[in-house]
Novice: 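The structure follows.
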Amino acid sequence: MSPAKDTEPARSRLRAAEHLKRTGDFRHVYRNGNRARGEWMTVAACENGLDRTRLGLSVGRVAWRRAVRRNRVRRIFREAFRLERAALPNGVDLVLIAVPGSAPDLDSARQELVKLANKAWRRYRRKIEERGREASET
RNA sequence: CGAGAGGUCCGGGCGGCCGCCGCGGGGAUUCGUCCCCGGGGAGGAAAGUCCGGGCUCCGCGGGCCAGGGUGGUUGCUAACGAAAACCGGCCGCGAGGCCAGGGAAAGUGCCACAGAGAACAGACCGCCUAAGCGCGGGGCUCGCCCCGCGCCGGCAAGGGUGAAACGGUGCGGUAAGAGCGCACCGCGGCUCCUGGUGACAGGGCCGGCACGGCAAACCCCACCCGGAGAAAGACCAAAUAGGGGAGCAUAUGGCGAUGGCCCGCGUCGGCUCCCGGGUAGGUCGUUCGAGGUCGGGCGCGAGCUCGACCCUAGAGAAAUGGUCGCCGCCCCCCGUUGGGGGGAUACAGAACCCGGCUUACAGGACCUCUCGCACC
RNA sequence: CGGGGCGUGGCGCAGCAUGGCUAGCGCGCUGCAAUGGGGUUGCAGAGGUCGGAGGUUCGAAUCCUCUCGCCCCGA
């Protein structure tokens, strides 16, 4: 099913709670999470032990020298996250790494975010299950 | 009407819906935060970081040197290498534009190629044969004179080379010439005069000219510059490790410390409490300022000054967004009276602040001036 | 925020502190020779606004100023 159509419910996002800010949080996702790559972004997903999903953005300065372009990509990703929150797994930290030089639009970013987030999340769950089995076998 | 010069300003508008970041008020709270209402939320360049300052910390007796910067004058400024007015030079018919624009008689160095000669220069072609010497011819009043050639020489006008050749034009002068002489122009000098705050300008007198260019070559002179930068810096302050102090315990121990043993002391290790430094994290710095807008006064101007009014983003893995509708501006097509359809709407995003500079930019508005043509 | 470096034929580099000689070298490219054909080789040859704009100078790739793009380092 395509992203939930614009039935326009009120969905405010709590910056402080749902936005990754600390270097430690980012490093945790990079080190322990799993990734899925698409046309506009690479999504890294990792369990966070909370009852909500948090968003982290990585938009490199090398990819776009002009700040306007970087802000544009950030805003599109953030808006996509806001609108598609219901279709995303819960209790997960997601880090969106922008593909250098790309120019995503909102609709395709929404579709890709949902697809890649769930893909990365499935990979993470499978990894955890395998580790659990190995641990129980030992 | 055409071509052009200088300058100022703007850089989409309105309204829904869903969101984001501060601020104020109210409410809820498990003190993490959440909800409601009100109001604010990118630029002319916020950019590049090329200059200058404020601010903060560090350093600091003074002087000299090194290093860097600036370079006509006078004003302006917090300050500047920016900008202003003026002076000088160059360019343009003109409005105007451009100029790192001190010193080359303090020293060192460089000036390729061409050319005879390139720095207190030089004679290739060329011009001359007056003086001196020699030869030939002629004349003669036998002293010499005239003509031609050569030697010794003279000259730097003309040709030619070059980016540059020891000033230009004219007249005189001469064997030919040359500032050799003179006039004008240029150049240099002066304890001269006049005007100007001054750079300088105009004039006077003196000098026949002595002084090529390059200091964005080294350099000399004058003036300016302490260093680092908001990750500056100030404060609060975990966990863990370590430091200092006090007390306790020294039942066992190591070391000071011996051939061995005992007592006592110190110290290390143990426990309790206290103190200070730093890290994670947090708060401040952080937005009221050389501040804007309007008006008055002074000044040619940069600018100064007085009064009234205004408060104008403050994030921190970093807000200012998404979407829909209507309109404006520009372009294209159909229709060409009103309309219909399509496209385009730039450059670019605050991170301590301010004064300049530079660069990017769809499109647009306005002011002043110059030249040419036509008409009144 | 602060500091440093690079830009020269299609590619990789030299030349720049001491301005002037033809902007040089390797690879590549084109033509010819050699071969049945190709490679190798040999001989010719083309190709450069010295990133851009001003300035200094008689003369600038070289010196100065501004500017564009790229790369690196420190906190």
Side-chain angles (χ1 to χ4, degrees):
Chain A
M1 192 58 200
S2 62
K5 281 305 169 194
D6 308 317
T7 42
E8 301 315 334
R11 295 164 181 149
S12 71
R13 293 298 166 267
L14 324 177
R15 274 251 149 272
E18 300 198 46
H19 202 178
L20 280 186
K21 290 187 174 186
R22 294 169 192 280
T23 306
D25 293 336
F26 276 84
R27 197 151 52 206
H28 182 256
V29 175
Y30 288 148
R31 192 168 289 176
N32 303 315
N34 283 68
R35 306 183 185 203
R37 179 152 53 188
E39 188 181 359
W40 310 116
M41 66 188 85
T42 298
V43 176
C46 179
E47 197 170 20
N48 61 14
L50 303 170
D51 60 350
R52 60 179 173 272
T53 296
R54 299 192 296 180
L55 174 69
L57 294 173
S58 176
V59 181
R61 182 173 164 78
V62 176
W64 298 270
R65 286 184 63 77
R66 302 298 176 189
V68 174
R69 311 259 168 77
R70 286 199 304 276
N71 286 339
R72 176 79 185 151
V73 172
R74 263 197 288 266
R75 286 162 178 165
I76 285 177
F77 283 2
R78 212 168 46 226
E79 185 72 2
F81 178 82
R82 184 175 79 89
L83 295 173
E84 295 297 340
R85 199 166 79 116
L88 297 172
N90 198 30
V92 181
D93 281 347
L94 296 174
V95 173
L96 274 53
I97 305 160
V99 171
S102 65
D105 63 291
L106 182 59
D107 287 339
S108 52
R110 289 173 72 172
Q111 294 179 23
E112 191 164 283
L113 171 64
V114 173
K115 195 176 77 181
L116 296 178
N118 287 302
K119 191 172 181 180
W121 179 237
R122 283 196 302 274
R123 287 178 178 171
Y124 180 81
R125 294 290 298 275
R126 194 179 308 138
K127 182 177 74 179
I128 297 299
E129 286 173 12
E130 286 173 3
R131 279 189 186 164
R133 264 201 305 278
E134 289 169 8
S136 60
E137 286 170 0
T138 315

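Chain letters run A, B, ... following the sequence lines, proteins first, then strands; residues in each count from 1.
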Novice: Expressed as a whole number of angstroms, how long is the span from A/Leu83:CG to B/C20:C1'?
Specialist: 13 Å

Novice: Both distances below 3.5 Å, Watson-Crick or wobble geometry, any strand: find the nucleotide opposite B/A216.
Specialist: none

Novice: With syn defined as a glycosidic angle within 90° of 0 and anti as the rest, where does B/A308 land?
Specialist: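 The base of B/A308 is oriented anti (glycosidic angle more than 90° from 0).
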
Novice: Which range-with-range stems can be found for RNA chain C when each stem has 3 or more Watson-Crick or G-U pairs in a row and both distances sit under 3.5 Å?
Specialist: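 So the stems come out as C:1-7 with C:68-74, C:10-13 with C:24-27, C:29-33 with C:41-45, C:51-55 with C:63-67.
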
Novice: Taking CD1 from A/Ile76 and P from B/U320, how many angstroms apart are they, rounded to a whole number?
Specialist: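 Atom-to-atom, A/Ile76 to B/U320, this comes out as 12 Å.
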
Novice: Nearest heavy-atom pair of A/Phe26 and A/Gly56: which atoms, and what distance?
Specialist: CZ-CA, 3.8 Å

Novice: Can you measure from CZ (A/Arg110) to CH2 (A/Trp40) and round to the nearest 0.5 angstrom?
Specialist: 16.0 Å

Novice: Under a 3.5 Å cut-off for both contacts, is B/C17 paired Watson-Crick or G-U wobble with anything, and if yes, with which nucleotide?
Specialist: B/G322

Novice: Please measure how far the C1' atom in B/C86 lies from the corresponding atom in B/A46, and state the result in whole Å.
Specialist: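 Between the two C1' atoms, the distance is 38 Å.
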
Novice: In Å and rounded to the nearest 0.5 Å, what is the OG to CE distance from A/Ser108 to A/Met41?
Specialist: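 So the OG of A/Ser108 and the CE of A/Met41 are separated by 8.0 Å.
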
Novice: Checking base pairs now: Watson-Crick or wobble, both atom distances under 3.5 Å. What partners B/C223?
Specialist: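 Base-paired to B/G69.
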
Novice: Can you tell me if CZ on A/Arg74 sees more than 12 non-hydrogen neighbours from other groups inside 6.0 Å?
Specialist: yes

Novice: In whole Å, measure the gap between the C1' atoms of B/C274 and B/A317 for me.
Specialist: 41 Å

Novice: Starting at CZ of A/Arg82 and ending at P of B/U323, how long is that distance when rounded to a whole Å?
Specialist: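 Value for this atom pair: 11 Å.
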
Novice: Under a 3.5 Å cut-off for both distances, is B/G158 Watson-Crick or wobble paired, and to whom?
Specialist: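 By the stated definition (distances under 3.5 Å), B/C125 pairs with B/G158.
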
Novice: So, taking the atom named CZ in A/Arg85 and the one named CG in A/Leu113, what distance separates them when rounded to the nearest 0.5 Å?
Specialist: 12.5 Å

Novice: Picking from B/G322, B/C18, B/A317, which would you name as closest to the side chain of A/Leu106?
Specialist: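 From the listed options, B/G322 comes nearest.
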
Novice: For C/G37, measure the glycosidic angle (O4'-C1'-N9-C4 for a purine, O4'-C1'-N1-C2 for a pyrimidine) and name it syn if it falls within 90° of 0, otherwise anti.
Specialist: anti

Novice: Between B/A290 and B/G277, how far apart are the P atoms? Round to whole Å, please.
Specialist: 35 Å

Novice: Given B/U320, is OP1 or OP2 found less than 4.0 Å from the side-chain N or O atoms of A/Arg78?
Specialist: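 For B/U320, OP1/OP2 do have a side-chain N/O of A/Arg78 under 4.0 Å.
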
Novice: If you measure from the P atom in C/G42 to the same atom in C/C6, how many Å do you get, rounded?
Specialist: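 Those two atoms are separated by 36 Å.
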
Novice: Rounding to the closest angstrom, what is the interatomic distance between B/U358 and B/C190 at atom C1'?
Specialist: 50 Å

Novice: List for me each residue that meets side chain to side chain donor-acceptor pair (under 3.5 Å) alongside A/Glu79, sequence neighbours excluded, and say none if there are none.
Specialist: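 Partners of A/Glu79 by the side chain to side chain donor-acceptor pair (under 3.5 Å) criterion, ordered by chain and then number, come out as A/Arg82.
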
Novice: Restricting both atoms to N or O, compile the protein contacts to nucleotides 348-350 of chain B shorter than 3.5 Å, with distance only.
Specialist:
| from | atom 1 | to | atom 2 | distance (Å) |
| --- | --- | --- | --- | --- |
| B/G349 | OP2 | A/Ala67 | N | 3.2 |
| B/G349 | OP2 | A/Val68 | N | 3.3 |
| B/G349 | N7 | A/Arg75 | NH1 | 3.4 |

Novice: What interatomic distance, in whole Å, is found between P of B/G186 and the corresponding atom of B/U77?
Specialist: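 Pairwise P distance, B/U77 against B/G186, rounds to 42 Å.
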
Novice: Mind checking what makes side chain to side chain donor-acceptor pair (under 3.5 Å) contact with A/Ser102, not counting sequence neighbours?
Specialist: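 Testing A/Ser102 for side chain to side chain donor-acceptor pair (under 3.5 Å), a comparison that skips the adjacent residues, returns none.
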
Novice: What's the base orientation of B/G44: syn (chi within 90° of 0) or anti?
Specialist: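 B/G44: syn.
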
Novice: On a whole-Å scale, what distance lies between the P atoms belonging to B/A164 and B/G158?
Specialist: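 Rounded to whole Å, the distance is 16 Å.
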
Novice: Using whole Å, report how far CG of A/Leu20 lies from P of B/G316.
Specialist: 15 Å

Novice: Quick one: look up who B/A280 pairs with, Watson-Crick or G-U, both distances under 3.5 Å, and put none if it's unpaired.
Specialist: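 WC or wobble partner does not exist here.
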
Novice: Should B/G170 form a Watson-Crick or G-U wobble pair with both distances under 3.5 Å, which nucleotide is its partner?
Specialist: B/C182

Novice: Specify the glycosidic conformation (syn or anti) of B/A5, with syn defined as within 90° of 0.
Specialist: anti

Novice: By the rule that syn is within 90° of 0, classify the base conformation of B/G61 as syn or anti.
Specialist: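 B/G61: anti.
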
Novice: For the pair made of CZ in A/Arg52 and C1' in B/C34, what is the distance, rounded to whole Å?
Specialist: 13 Å

Novice: In whole angstrom, give the distance that lies between atom CD of A/Glu84 and atom C1' of B/G19.
Specialist: 15 Å

Novice: Looking at CD of A/Glu18 and OG1 of A/Thr53, how far apart are the two atoms once the value is rounded to the nearest 0.5 Å?
Specialist: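 These two atoms lie 7.5 Å from each other.
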
Novice: Expressed in angstrom and rounded to an integer, what is the separation of A/Arg74 atom CZ from B/A315 atom P?
Specialist: 17 Å

Novice: Measure CG/A/Leu57 against P/B/G316 and give the value in whole Å, please.
Specialist: 15 Å

Novice: Counting only Watson-Crick or G-U wobble pairs whose two distances fall under 3.5 Å, which nucleotide matches B/A201?
Specialist: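 The answer is B/U194, by the H-bond criterion.
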
Novice: Scan for side-chain hydrogen bond (donor to acceptor under 3.5 Å, both in side chains) pairs involving residues 116-129 of chain A, sequence neighbours excluded, and state none if there are none.
Specialist: A/Asn34-A/Lys127

Novice: Using residues 88-97 of chain A as the side-chain source, report each donor-acceptor pair under 3.5 Å to any protein atom, sequence neighbours left out, with the distance given to one decimal.
Specialist:
| from | atom 1 | to | atom 2 | distance (Å) |
| --- | --- | --- | --- | --- |
| A/Asn90 | ND2 | A/Asp51 | O | 3.1 |
| A/Asp93 | OD1 | A/Asn48 | ND2 | 2.9 |
| A/Asp93 | OD1 | A/Arg54 | NE | 2.9 |
| A/Asp93 | OD2 | A/Arg54 | NH2 | 3.0 |

Novice: What's the gap between B/G97 and C/G54 when it is taken at their C1' atoms, as a whole Å value?
Specialist: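 Each nucleotide's C1' atom is 14 Å from the other's.
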
Novice: Taking OP1 and OP2 of B/G322, is either one under 4.0 Å from a side-chain nitrogen or oxygen of A/Arg72?
Specialist: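 So the side chain of A/Arg72 is within the cut-off, an N or O lying under 4.0 Å from OP1 or OP2 of B/G322.
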
Novice: Paired with B/G303 by Watson-Crick or G-U wobble geometry, both distances under 3.5 Å: which nucleotide is it?
Specialist: B/C298

